There are 2 protein chains.
Amino acid sequence: MSTLTTTSYALLGQLAYRPWTAYELAKGMAWNFDYFWPRARSLVYAEVKRLADAGFVKGEMSFVGARSRTTYSITSEGMQALRQWLATPPTVFGLEMEALVRVWLAGFGRREDLLQTLAHTQAEAEKMLRVADEVRAAYLEGHAPGQSHVHVRALLVDFLSSYAQLARDWAARSQASVARWRDIDRAGKESAALRKIRDAPGLAAHPDRRSKRPRTG
Amino acid sequence: MSTLTTTSYALLGQLAYRPWTAYELAKGMAWNFDYFWPRARSLVYAEVKRLADAGFVKGEMSFVGARSRTTYSITSEGMQALRQWLATPPTVFGLEMEALVRVWLAGFGRREDLLQTLAHTQAEAEKMLRVADEVRAAYLEGHAPGQSHVHVRALLVDFLSSYAQLARDWAARSQASVARWRDIDRAGKESAALRKIRDAPGLAAHPDRRSKRPRTG
DNA sequence: GACAGCATGTAATGAGTTACATGATTAA
DNA sequence: TTAATCATGTAACTCATTACATGCTGTC
């Protein structure tokens, strides 16, 4: 066990609250991290075993009928490792968004393909907003699973809701643009494109871009 | 060669413009896709070879001194595969953002660790905004590498700039919140957190949330 | 008593990364 | 002529995924 991965720390973090069975951990990974650190269920089983080998968690075996089940809890070494990691700077900053790859390549496909991609993105973003609504309601009503950490979870909710809204709005306005095209070719679309590029947010603050401005194109 | 990956299609897409050497392809991957489909340089060499084995691209070997160099170009089968893929629905929608994992776990670390994570995120987002500024300037001046596809690239620029702005603004306002804390514990921070959660965007449109509203908390 | 769904994993495989190696080119 | 940088890969490894296997539990 040379170094732990971000996934390892996500698991350690869940175990820092209380002991979980492997199955519960897998469910928790999906519920808590899927929108910003998605991992397959089966990886959890393997990873928590690595953590046990390294002494950061310990597993207690019990039985359900003839079947064994392991409940894991964090050790003090595990807590220490978690605390140390939290003090290091983050490494990964980025998206992984296939839809954007498709947009980059859109010129080689059909206009309808692009519209489909955008519609799909909008639908996914709206699903995310609905999930966010439920999570927000749970916190506001005081019975969210992470209620004891509301003050930090609020930062997450803020980011994820804002992101989902951004994705939805972008998909919607992009669909509106593309819907006005009659094909995927460039001809006759440059000036609108350049206007969009000019109006995109830059490093300087643009408090009310996209507001009505004199049409000078 | 059973199935191609998104990375394969990203490469095919670059080759759809013109032939490239493996080195140029690797540079292009970094330049064009790093912000939404980041992949290691070495993967490009392996992947383009797979594409050649499958007949989707063909490589032409030449020499620079004693050293060989391969220039790849797309075949008609490759173009066809690309077009077909563009007609399928996208699969992946999501972030992969370590910083958010750290926020989720922040309660187990120190307040300064959280501030560091947020500052790092803000710096990265600002770097991204600077890059976006350069890209936008290149398009507006008419000499961007992808100028012939401005009309679709404008959609990308729109998304990425908006995303970078979102990340920066979130990091900034979150730092402001956390700066007001004296420790990482929950005590005394609930009501502000709940206010933040309530004000986060939901499925319904909130055109001017976060505007001044009567303080009733 | 069977069928659906929950629970608990293992096996095989692959996509992707880091580290290494080394030739060519350019500037000091 | 050395050092830095650009160019062109290969090798070893691991993180992660998909597919499979199988036991338990409730219900019709």
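Source: prediction; values computed, not measured. Below, all heavy atoms of this structure are taken into account, side chains as well, without hydrogens, waters or symmetry copies.
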Student: Check every atom of dG16(C), dG9(D), dT8(C) against the side chain of Thr5(B) and return the nucleotide holding the closest atom.
Tutor: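 Closest of the options to the side chain of Thr5(B): dG16(C).
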Student: From CG of Asp53(A) over to P of dT14(D), roughly how many Å is that when rounded to an integer?
Tutor: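 Rounding to the nearest Å, CG of Asp53(A) and P of dT14(D) are 14 Å apart.
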Student: Is there, by distance only and without an angle test, a donor paired with an acceptor across the side chain of Arg41(B) and the base of dG16(C) below 3.5 Å?
Tutor: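 Between dG16(C) and Arg41(B), which were checked side chain against base, a qualifying N/O pair under 3.5 Å is absent.
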Student: Without decimals, in angstroms, what is the distance between Glu24(B) CD and dC6(D) P?
Tutor: 15 Å
Student: Does some side-chain heavy atom of Val44(A) sit less than 4.5 Å from a side-chain heavy atom of Tyr23(A)?
Tutor: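 Contact flag for Tyr23(A)/Val44(A) side chains = no.
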Student: Is the distance from OP1 or OP2 of dG16(C) to the nearest side-chain N or O of Arg39(B) less than 4.0 Å?
Tutor: yes
Student: Between Lys27(B) and Pro38(A), which has a closest nucleotide on DNA chain D that is more 5'?
Tutor: Lys27(B)
Student: What is the distance, to the nearest angstrom, from the CG atom on Leu43(A) to the P atom on dT8(C)?
Tutor: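 Atom-to-atom, Leu43(A) to dT8(C), this comes out as 18 Å.
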Student: Are Tyr139(A) and His149(A), when compared by the centres of their aromatic rings, separated by less than 6.0 Å?
Tutor: no
Student: How close or far is atom P of dA15(C) from atom CG of Leu11(B), stated in whole angstroms?
Tutor: 13 Å
Student: Is the shortest side-chain heavy-atom distance between Asp133(B) and Leu129(B) below 4.5 Å?
Tutor: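 Asp133(B) vs Leu129(B): side chains apart.
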Student: Taking CH2 from Trp37(B) and C1' from dG16(C), how many angstroms apart are they, rounded to a whole number?
Tutor: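 Distance, rounded to whole Å: 12 Å.
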Student: When you check the phosphate oxygens OP1 and OP2 of dT10(C), does a side-chain N or O of Lys49(A) lie under 4.0 Å from one of them?
Tutor: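 Answer is yes, contact under 4.0 Å.
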Student: For Tyr23(B) and for Ala46(B), locate the closest nucleotide of DNA chain D by heavy-atom distance; then report the residue assigned to the nucleotide nearer the 5' terminus.
Tutor: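 Its nearest nucleotide being more 5', the pick is Tyr23(B).
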Student: Under the criterion side-chain contact (heavy atoms from CB on, under 4.5 Å), I'd like the reasoning laid out for Met97(B) against Phe159(A): C-alpha separation, chi angles, the key distance, then a yes or no.
Tutor: CA-CA 11 Å; Met97(B) 199 160 163; Phe159(A) 186 96; 3.7 Å; yes
Student: Verify the contact: side-chain N or O of Arg69(A) to OP1 or OP2 of dT8(C), cut-off strictly under 4.0 Å; return yes or no.
Tutor: yes
Student: Measuring from the side chain of Arg50(A) (C-beta onward, heavy atoms only), which nucleotide among dC15(D), dA7(C), dT8(D) has the closest atom?
Tutor: dC15(D)
Student: Phe63(A) CZ to dT25(D) P: how many Å, rounded?
Tutor: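 To the nearest whole Å, that distance equals 14 Å.
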Student: Indicate whether OP1 or OP2 belonging to dT18(C) is found under 4.0 Å from a side-chain N or O atom of Ser42(B).
Tutor: no
Student: The side chain of Val64(B) lies closest to which of these nucleotides: dG9(C), dT25(C), dT25(D)?
Tutor: dT25(C)
Student: In whole angstrom, what separates Tyr45(A)'s OH from dA16(D)'s P?
Tutor: 17 Å
Student: May I ask you to check whether Trp20(A) and Tyr72(A) place their ring centres under 6.0 Å from each other?
Tutor: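 No, the ring centres sit 6.0 Å or more apart.
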Student: Separation of Glu47(A) atom CD from dC15(D) atom C1', in whole Å?
Tutor: 9 Å
